[in-house]
Colleague: 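Before we start, here is the structure in question, set down as structure tokens.
Whatever order the structure lists ligands and atoms in, that order sets their numbers, starting from 1. Quantities reported herein were computed from a predicted structural model and do not represent experimental measurements. This chain uses plain numbering: 1 for the first residue, then up along the sequence.
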Amino acid sequence: MSDSAVADSTAPEPVPELEASHLSLHLGRSRGGLQVLDDLSLKVRTGRRIGLVGESGSGKSTLLRVLAGLQRPDSGQVRFRGRSILGRRPGQLADLRADVALVLQDPRSSLDPRMSVARTITEPLRSPVLSGAAGSREQVRQRLVQVMTEVGLDPATAGRFPHEFSGGQRQRIAIARALVTRPDVLLADEPVSALDVSVRAQVLNLLTELVSARNLTMVFVSHDLTVVRHLCDEVAVMQHGAIVESGDLARVYADPQHRVTRELLAAVPRIRT
Ligand SMILES: Nc1ncnc2c1ncn2[C@@H]1O[C@H](COP(=O)(O)OP(=O)(O)O)[C@@H](O)[C@H]1O
Ligand SMILES: [Mg+2]
């Protein structure tokens with residue numbers, strides 16, 4: 001064996017973009033309550049796209065909120081680029097807020113109906129946590145036009161309100177808002193599940209293009225394993241707040257080890273690996 005091979009095998013692994021270690025979260029009263037996250041660990045490596053799948057109620061949305069710093073676990077650790085995010089004050093979360101974006105399932109509930117599209121999309125730039133990120137009025141306007149164009153919205157409609165848009169367009173508004181700070185990581189929680197079937201493919205294609213053009217690291221929650229195969233290169237399967245199987249997507253799809261994974265794959269008869 002050459003010296004370089006020895007050096008490679010002992011080289012430290014690069015620090016993951018996001019890392020959850022031994023997360024536990026119990027909600028409700030201790031007896032009647034529910035273990036929503038159960039000693040869950042997950043590494044989100046730079047440039048990787050992880051499909052997070054599992055039956056309804058398995059804790060997928062909760063995990064994304066914890067990774068985004070929006071919900072605290074009872075125990076465990078979340079590190080962004082190697083630094084713990086738990087225990088930081090809101091003012092110390094600027095890097096996470098700017099670089100990790102969250103897109104939720106239903107744009108109806110995630111968009112404020114009283115806010116124009118322009119305000120909705122540029123609001124993250126005004127956040128006090130990101131003080132100084134906004135730049136001049138002209139810079140903000142340029143960023144708005146750029147990001148609206150990028151997600152396929154006409155910048156001339158920036159003065160309108162969310163209800164004047166279709167479901168698919170509203171999700172484009174939510175995506176533009178998520179991307180306006182130029183994040184490196186996208187956390188997407190079933191981003192097309194609430195949309196009409198007819199527009200799902202368009203929004204998925206948009207996400208595919210954005211992820212590739214911006215070289216985003218992504219965690220993509222979905223119950224559609226065909227979509228996950230299209231968008232992701234790793235898969236993590238959740239059950240009862242724990243990850244029961246994870247790894248390279250091609251490997252997991254070709255040779256699922258856990259019963260839950262096999263059932264999820266069997267539920268999509270058209271999948272061929
Ligand atoms: N605020 C809450 N209070 C009590 N239970 C909750 C709360 N949020 C989520 N849950 C429960 O936690 C479990 C996991 O929920 P969730 O993370 O939304 O799962 P998933 O996204 O996989 O469907 C579910 O049983 C849900 O009912
Ligand atoms: Mg969910």
Side-chain angles (χ1 to χ4, degrees), residues 18-44 49-78 85-86 96 100-111 167 170-171 174-175 177-178 185-197 200 203-204 207 218-232 234-247 249 252-253 256 258-268:
L18 268 174
E19 181 171 16
S21 320
H22 304 289
L23 295 180
S24 286
L25 176 65
H26 192 99
L27 289 173
R29 289 169 186 276
S30 53
R31 268 166 200 280
L34 184 76
Q35 196 68 36
V36 180
L37 297 176
D38 188 3
D39 195 28
L40 184 151
S41 298
L42 178 70
K43 282 182 188 169
V44 185
R49 289 104 201 216
I50 302 179
L52 187 62
V53 302
E55 59 203 19
S56 184
S58 57
K60 306 181 297 295
S61 296
T62 306
L63 174 58
L64 279 207
R65 282 199 302 276
V66 171
L67 289 174
L70 300 174
Q71 187 162 0
R72 286 188 62 87
D74 296 332
S75 58
Q77 195 51 262
V78 178
I85 66 165
L86 302 176
L96 189 78
V100 179
L102 183 62
V103 172
L104 301 174
Q105 178 171 352
D106 189 354
R108 240 167 312 222
S109 50
S110 64
L111 300 179
R170 279 197 291 255
Q171 197 58 307
I175 293 167
R177 176 184 162 94
V185 183
L186 179 65
L187 306 175
D189 193 353
E190 308 208 39
V192 302
S193 303
L195 304 180
D196 285 347
V197 175
R200 280 183 194 172
V203 175
L204 280 173
L207 281 170
M218 178 167 72
V219 181
F220 183 88
V221 173
S222 178
H223 54 257
D224 186 333
L225 275 74
T226 311
V227 168
V228 168
R229 188 181 52 164
H230 185 64
L231 274 177
C232 301
E234 289 180 37
V235 65
V237 183
M238 280 187 76
Q239 183 191 35
H240 304 321
I243 290 174
V244 295
E245 178 163 12
S246 65
L249 184 139
V252 173
Y253 276 43
H258 197 280
R259 179 184 58 80
V260 174
T261 316
R262 286 197 287 267
E263 283 172 6
L264 287 167
L265 284 167
V268 190

Colleague: Please report the shortest heavy-atom distance between Lys43 and Ile50, naming the atom on each side.
Modeller: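 Shortest heavy-atom separation between Lys43 and Ile50 comes out as O-CD1, 3.5 Å.
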Colleague: Provide, to 0.1 Å, the distance between atom 19 (O) of ligand 1 and the closest protein heavy atom, together with that atom's residue and name.
Modeller: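 Of every protein heavy atom, Gly59 N, 3.1 Å lies nearest to atom 19 (O) of ligand 1.
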Colleague: Determine whether any heavy atom of Gly28 lies closer than 4.0 Å to an atom of ligand 1.
Modeller: no
Colleague: Tell me whether Ser61 has at least one N, O or S atom under 2.8 Å from the Mg ion (ligand 2).
Modeller: yes
Colleague: Identify the protein heavy atom lying closest to atom 15 (O) of ligand 1, giving its residue, its atom name and the separation to 0.1 Å.
Modeller: Thr62 OG1, 3.9 Å
Colleague: If you look at every heavy atom in Leu195 and Pro191, which pair is closest and at what distance?
Modeller: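 Where Leu195 meets Pro191 most closely, the heavy atoms are CD1-O, 4.1 Å.
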Colleague: Taking atom 27 (O) of ligand 1 as the reference point, report whether a protein heavy atom occurs under 4.0 Å from it.
Modeller: no
Colleague: Pro73 and Val66: which non-hydrogen atoms are nearest, and at how many Å?
Modeller: CD-CG1, 4.0 Å
Colleague: Nearest heavy atom to atom 4 (C) of ligand 1 wins, so pick from Leu34, Leu27, Leu25.
Modeller: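 Ranked by closest heavy atom to atom 4 (C) of ligand 1, first place is Leu27.
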Colleague: Within the structure, is a non-hydrogen atom of Gly54 found at a distance of less than 4.0 Å from ligand 1?
Modeller: no
Colleague: If you measure only the distance, is there a donor-acceptor pair under 3.5 Å linking the side chains of Glu190 and His223?
Modeller: yes
Colleague: Do Arg65 and ligand 1 have an N or O pair less than 3.5 Å apart?
Modeller: no
Colleague: Could you identify the single nearest non-hydrogen protein atom to atom 12 (O) of ligand 1 and state the distance to 0.1 Å?
Modeller: Val36 CG2, 3.4 Å
Colleague: Atom 14 (C) of ligand 1: which protein heavy atom is closest, and how many Å away?
Modeller: Gly57 O, 3.4 Å
Colleague: Among protein heavy atoms, which lies nearest atom 18 (O) of ligand 1, and at what distance?
Modeller: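 Minimum-distance protein heavy atom for atom 18 (O) of ligand 1 reads Ser61 CB, 3.7 Å.
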